[in-house]
Trainee: 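Here it is, the structure, as structure tokens.
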Amino acid sequence: MAVQIRELLGNHKIIPVPVDGIGDMDDLYDLGMTSFASVQLMLALEEAFDIEFPERMLNRKTFQSIASIDRSVSELVAGRA
């Protein structure tokens, strides 16, 4: 799933640095992701994985790193099964 998340980050130009140099635990906000970009990322994730982020997940911590996004998306995908 992390590979797909990286593709979305790169395809949607969410951060101003090359995605291939980002570690799974790197803080995306420290790398230049804005709050507007995080909303764009959320919408792209919802479309790509056919999920909807509940209100409890709409916070900085959820979208802070590739690892945190992966955990959140995995939880939502597993919940629909």
Side-chain angles (χ1 to χ4, degrees):
M1 194 166 301
V3 171
Q4 291 170 291
I5 294 167
R6 285 180 185 282
E7 288 175 4
L8 289 172
L9 285 168
N11 292 343
H12 291 276
K13 309 283 190 251
I14 300 297
I15 49 176
V17 296
V19 175
D20 56 352
I22 300 172
D24 286 352
M25 298 300 292
D26 289 349
D27 189 313
L28 299 177
Y29 292 98
D30 287 347
L31 296 173
M33 184 168 73
T34 64
S35 58
F36 178 72
S38 68
V39 171
Q40 290 179 303
L41 176 59
M42 179 198 69
L43 294 173
L45 290 163
E46 287 182 337
E47 183 176 330
F49 294 101
D50 192 29
I51 56 172
E52 186 173 327
F53 285 90
E55 191 171 333
R56 68 178 171 81
M57 286 186 170
L58 300 180
N59 57 60
R60 184 179 176 115
K61 186 177 176 183
T62 299
F63 300 97
Q64 191 162 9
S65 67
I66 291 172
S68 63
I69 295 168
D70 191 334
R71 279 190 304 272
S72 299
V73 171
S74 294
E75 177 185 329
L76 294 172
V77 168
R80 48 158 220 243

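These numbers come from a predicted model, not from an experiment.
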Trainee: How long is the straight-line distance from CG of D50 back to CG of L76, given to the nearest 0.5 Å?
Mentor: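 The CG atom of D50 is 11.0 Å from CG of L76, to the nearest 0.5 Å.
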Trainee: If I take atom CD1 from residue I15 and atom CE from residue M33, how far apart are they, to the nearest 0.5 angstrom?
Mentor: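 Reported to 0.5 Å precision, the distance equals 8.0 Å.
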Trainee: Is the shortest side-chain N to carboxylate O distance from R6 to D24 below 4.0 Å?
Mentor: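 Salt bridge flag = yes for D24 with R6.
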Trainee: Considering only heavy atoms from C-beta outward, does the side chain of V73 approach that of M1 to under 4.5 Å?
Mentor: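 The answer is yes, as the side chains (C-beta and beyond) meet within the 4.5 Å cut-off.
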Trainee: Could you tell me whether the side chains of S68 and S65 share a donor-acceptor contact shorter than 3.5 Å?
Mentor: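 There is such a pair (donor and acceptor under 3.5 Å, judged by atom type) between the side chains of S68 and S65.
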Trainee: Show, in sequence, the C-alpha distance, side-chain angles and deciding distance for I14 and T34, and conclude whether the side chain to side chain contact (heavy atoms under 4.5 Å, CB included) test is met.
Mentor: CA-CA 8 Å; I14 300 297; T34 64; over 6 Å; no
Trainee: Between CD1 of I5 and CD1 of I22, what distance do you get to the nearest 0.5 Å?
Mentor: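 Going from CD1 on I5 over to CD1 on I22, the span is 12.0 Å.
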Trainee: Passes side chain to side chain contact (heavy atoms under 4.5 Å, CB included), M57 versus E75? Steps please.
Mentor: CA-CA 11 Å; M57 286 186 170; E75 177 185 329; 3.5 Å; yes
Trainee: Over all heavy atoms of both residues, which pair between S35 and S38 is shortest? Give the atoms and the distance, please.
Mentor: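 Distance-wise, the nearest heavy atoms are O-OG, 2.6 Å.
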Trainee: What is the minimum heavy-atom distance between L45 and L8, and which atoms define it?
Mentor: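 L45 and L8 have their closest heavy atoms at CD2-CD1, 3.5 Å.
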Trainee: Any sub-3.5 Å donor-acceptor pair from N11's side-chain atoms to E7's backbone N or O?
Mentor: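 Yes, because the side chain of N11 sits within donor-acceptor range (under 3.5 Å) of the backbone of E7.
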Trainee: Within the side chain of D26, is there an N or O that forms a donor-acceptor pair under 3.5 Å with the backbone of G23?
Mentor: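 Yes, the answer is positive, given that a donor and an acceptor are paired below the 3.5 Å cut-off.
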Trainee: Is there a side chain to side chain contact (heavy atoms under 4.5 Å, CB included) between I69 and T62? Walk through the geometry before answering.
Mentor: CA-CA 6 Å; I69 295 168; T62 299; 5.7 Å; no
Trainee: Taking it one step at a time, do E52 and E46 satisfy side chain to side chain contact (heavy atoms under 4.5 Å, CB included)?
Mentor: CA-CA 5 Å; E52 186 173 327; E46 287 182 337; 3.7 Å; yes
Trainee: So how far is it from S72 OG to M42 CE, rounded to the nearest 0.5 Å?
Mentor: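 So the OG of S72 and the CE of M42 are separated by 12.5 Å.
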Trainee: Looking at residues at least two apart in the chain, or sitting in another chain, which of them share a ring-ring contact (aromatic ring centres under 6.0 Å, His included) with F53?
Mentor: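 Testing F53 for ring-ring contact (aromatic ring centres under 6.0 Å, His included), a comparison that skips the adjacent residues, returns F63.
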